[in-house]
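What follows is a single structure, written as C-alpha coordinates, with notes after it.
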Amino acid sequence: MSLPRQITVFALVGVVATLLHYAVLVALVELAHRPPVTAALCGYVVGGIVSYGLNRRHTFASDRPHEEAGWRFALVAFIGFCLTYVFMDVFVARLGAPYLPAQMATTGIVFFWSFVANRLWTFRTGAVGE
(Lines give C-alpha, C1' and ligand atoms only; values in the text may rest on other atoms or scores of the structure.)
Protein backbone atom coordinates (compact mmCIF):
# COMPACT_ATOMS: atom_id res chain seq x y z
CA MET A 1 0.00 0.00 0.00
CA SER A 2 1.31 3.47 -0.85
CA LEU A 3 2.30 5.77 2.00
CA PRO A 4 -0.43 8.38 1.30
CA ARG A 5 -3.08 5.65 1.20
CA GLN A 6 -1.73 4.11 4.40
CA ILE A 7 -1.89 7.49 6.17
CA THR A 8 -5.47 7.96 4.95
CA VAL A 9 -6.54 4.53 6.19
CA PHE A 10 -4.81 5.22 9.52
CA ALA A 11 -6.77 8.47 9.85
CA LEU A 12 -10.07 6.75 9.00
CA VAL A 13 -9.39 4.05 11.58
CA GLY A 14 -8.76 6.84 14.09
CA VAL A 15 -12.13 8.39 13.28
CA VAL A 16 -13.92 5.04 13.75
CA ALA A 17 -12.11 4.37 17.05
CA THR A 18 -12.88 7.86 18.32
CA LEU A 19 -16.55 7.59 17.44
CA LEU A 20 -16.79 4.29 19.30
CA HIS A 21 -14.93 5.78 22.26
CA TYR A 22 -17.45 8.62 22.47
CA ALA A 23 -20.43 6.32 21.91
CA VAL A 24 -19.38 4.15 24.85
CA LEU A 25 -18.69 7.24 26.97
CA VAL A 26 -22.08 8.82 26.29
CA ALA A 27 -23.99 5.54 26.61
CA LEU A 28 -22.41 4.70 29.96
CA VAL A 29 -22.95 8.19 31.38
CA GLU A 30 -26.42 8.88 30.00
CA LEU A 31 -27.99 5.42 29.92
CA ALA A 32 -26.12 3.46 32.57
CA HIS A 33 -25.54 6.45 34.89
CA ARG A 34 -21.85 5.62 35.33
CA PRO A 35 -19.29 8.23 36.42
CA PRO A 36 -17.78 10.13 33.45
CA VAL A 37 -14.17 9.22 34.26
CA THR A 38 -14.97 5.51 34.41
CA ALA A 39 -17.02 5.80 31.24
CA ALA A 40 -14.22 7.67 29.46
CA LEU A 41 -11.72 4.96 30.36
CA CYS A 42 -14.08 2.24 29.14
CA GLY A 43 -14.55 4.14 25.90
CA TYR A 44 -10.79 4.57 25.54
CA VAL A 45 -10.28 0.82 25.90
CA VAL A 46 -13.01 -0.01 23.35
CA GLY A 47 -11.59 2.53 20.90
CA GLY A 48 -8.10 1.16 21.44
CA ILE A 49 -9.11 -2.43 20.80
CA VAL A 50 -10.92 -1.45 17.60
CA SER A 51 -7.99 0.72 16.51
CA TYR A 52 -5.55 -2.14 17.08
CA GLY A 53 -7.59 -4.62 15.08
CA LEU A 54 -8.34 -2.31 12.16
CA ASN A 55 -4.81 -0.94 11.95
CA ARG A 56 -3.28 -4.40 12.19
CA ARG A 57 -5.45 -5.71 9.38
CA HIS A 58 -6.20 -2.78 7.09
CA THR A 59 -3.57 -0.08 7.61
CA PHE A 60 -0.42 -2.12 8.07
CA ALA A 61 -1.47 -5.64 6.94
CA SER A 62 0.74 -7.04 9.69
CA ASP A 63 1.29 -10.66 10.55
CA ARG A 64 3.36 -9.86 13.63
CA PRO A 65 2.05 -12.14 16.42
CA HIS A 66 -0.47 -10.54 18.78
CA GLU A 67 1.86 -11.34 21.70
CA GLU A 68 4.35 -8.87 20.21
CA ALA A 69 2.15 -6.34 18.45
CA GLY A 70 -0.36 -5.96 21.29
CA TRP A 71 2.01 -4.65 23.94
CA ARG A 72 3.82 -2.52 21.37
CA PHE A 73 0.54 -0.93 20.30
CA ALA A 74 -0.37 -0.28 23.95
CA LEU A 75 3.01 1.35 24.58
CA VAL A 76 2.67 3.60 21.51
CA ALA A 77 -0.84 4.59 22.68
CA PHE A 78 0.45 5.32 26.19
CA ILE A 79 3.24 7.51 24.84
CA GLY A 80 0.65 9.29 22.68
CA PHE A 81 -1.42 9.87 25.81
CA CYS A 82 1.63 11.35 27.56
CA LEU A 83 2.45 13.52 24.54
CA THR A 84 -1.12 14.83 24.59
CA TYR A 85 -0.68 15.86 28.21
CA VAL A 86 2.67 17.57 27.55
CA PHE A 87 1.61 19.49 24.45
CA MET A 88 -1.76 20.55 25.87
CA ASP A 89 -0.01 21.76 29.01
CA VAL A 90 2.52 23.74 26.96
CA PHE A 91 -0.01 25.22 24.55
CA VAL A 92 -2.79 26.02 27.02
CA ALA A 93 -1.28 26.38 30.50
CA ARG A 94 2.06 27.90 29.55
CA LEU A 95 1.39 29.73 26.29
CA GLY A 96 -2.23 30.65 26.94
CA ALA A 97 -3.55 29.25 23.65
CA PRO A 98 -7.29 28.52 23.33
CA TYR A 99 -7.91 24.86 24.09
CA LEU A 100 -9.57 23.83 20.81
CA PRO A 101 -6.78 25.06 18.49
CA ALA A 102 -4.30 23.61 20.99
CA GLN A 103 -6.05 20.25 20.82
CA MET A 104 -6.05 20.37 17.03
CA ALA A 105 -2.29 20.99 16.94
CA THR A 106 -1.72 18.32 19.58
CA THR A 107 -3.83 15.82 17.66
CA GLY A 108 -1.68 16.40 14.57
CA ILE A 109 1.52 15.85 16.52
CA VAL A 110 0.24 12.70 18.21
CA PHE A 111 -1.22 11.41 14.93
CA PHE A 112 2.20 11.71 13.29
CA TRP A 113 3.92 10.05 16.26
CA SER A 114 1.43 7.18 16.35
CA PHE A 115 1.55 6.53 12.62
CA VAL A 116 5.34 6.46 12.44
CA ALA A 117 5.76 4.38 15.61
CA ASN A 118 3.10 1.86 14.58
CA ARG A 119 4.40 1.63 11.02
CA LEU A 120 8.07 1.26 11.91
CA TRP A 121 7.82 -0.67 15.19
CA THR A 122 4.45 -2.03 16.29
CA PHE A 123 3.32 -3.72 13.08
CA ARG A 124 6.60 -4.00 11.21
CA THR A 125 7.37 -7.58 10.26
CA GLY A 126 10.41 -9.26 8.86
CA ALA A 127 13.00 -6.96 10.44
CA VAL A 128 16.26 -8.67 11.31
CA GLY A 129 16.84 -8.96 15.04
CA GLU A 130 13.25 -8.25 16.09
| said: If hydrophobic clusters are built from ILVMFWY residues whose side chains come within less than 4.5 Å, do L83 and L95 share one? | reply: yes
| For Y44 and A77, which heavy atoms make the closest approach, and how far apart are they? | OH-O, 3.7 Å
| request: Please test T38 against L28 for side chain to side chain contact (heavy atoms under 4.5 Å, CB included), starting from the C-alpha separation and ending with a verdict. | output: CA-CA 9 Å; T38 302; L28 288 175; over 6 Å; no
| task | Could you tell me the separation between the CG atom of L25 and the CD atom of E30, rounded to the nearest 0.5 Å? | result | 9.0 Å
| message | Just to verify, which of V16, L19, V13, V45 counts as forming a side chain to side chain contact (heavy atoms under 4.5 Å, CB included) with V50? | response | V16
| V24 and A39: which non-hydrogen atoms are nearest, and at how many Å? | CG1-O, 4.4 Å
| query | Would one find more than 12 heavy atoms of other residues, nucleotides or ligands at under 6.0 Å from atom CE of M1? | reply | yes
| request: For the pair T106 and Q103, evaluate side chain to side chain contact (heavy atoms under 4.5 Å, CB included) and give the outcome as yes or no after the intermediate values. | output: CA-CA 5 Å; T106 298; Q103 181 62 69; 4.2 Å; yes
| Which atoms form the tightest heavy-atom contact between A105 and F91, and what is the distance? | CB-CE1, 3.9 Å
| task | State, yes or no, whether a side-chain contact exists between V9 and F60 at a heavy-atom distance under 4.5 Å. | result | no
| task | Determine the minimum heavy-atom distance between V29 and P36, stating which atoms define it. | result | CG2-CA, 3.7 Å
| request: Side-chain contact test, heavy atoms from C-beta onward, threshold under 4.5 Å: evaluate it for T59 versus F123 and give yes or no. | output: no
| Worked check of side chain to side chain contact (heavy atoms under 4.5 Å, CB included) between D89 and R94 | CA-CA 7 Å; D89 182 64; R94 299 180 195 280; 2.9 Å; yes
| task | Specify the closest pair of heavy atoms between V92 and A102, including all atoms of both residues, with the distance to one decimal. | result | CG2-CB, 3.6 Å
| task | State yes or no: do F111 and L3 share one hydrophobic cluster built from I, L, V, M, F, W and Y residues joined by side-chain heavy-atom distances below 4.5 Å, directly or via other members? | result | yes
| If you measure from CZ on F87 to OG1 on T107, what distance do you get to the nearest 0.5 Å? | 12.0 Å
| said: Checking N55 against S51: is there a side-chain donor and acceptor pair closer than 3.5 Å? | reply: yes
| field | Atom pair CZ/OG of R57 and S62 - distance to nearest 0.5 Å | value | 12.5 Å
| query | side chain to side chain contact (heavy atoms under 4.5 Å, CB included) with T122: which of E68, R64, R72, R56? | reply | R72
| message | Which heavy atom of R119 sits nearest to which heavy atom of R124, and what is that distance? | response | O-CB, 3.7 Å
| With hydrophobic residues grouped by side-chain heavy-atom distances under 4.5 Å, do L41 and L20 end up in a single group? | no
| said: Check for me, please, whether F112 and L120 land in the same ILVMFWY cluster - side-chain distances under 4.5 Å, paths through other members count. | reply: yes
| message | Given W121, which partner from the list W71, F73, F115, W113 fulfils the ring-ring contact (aromatic ring centres under 6.0 Å, His included) test? | response | W71
| said: Hydrophobic cluster membership, with links at side-chain heavy-atom distances under 4.5 Å among I/L/V/M/F/W/Y: are V15 and M104 in one? | reply: no
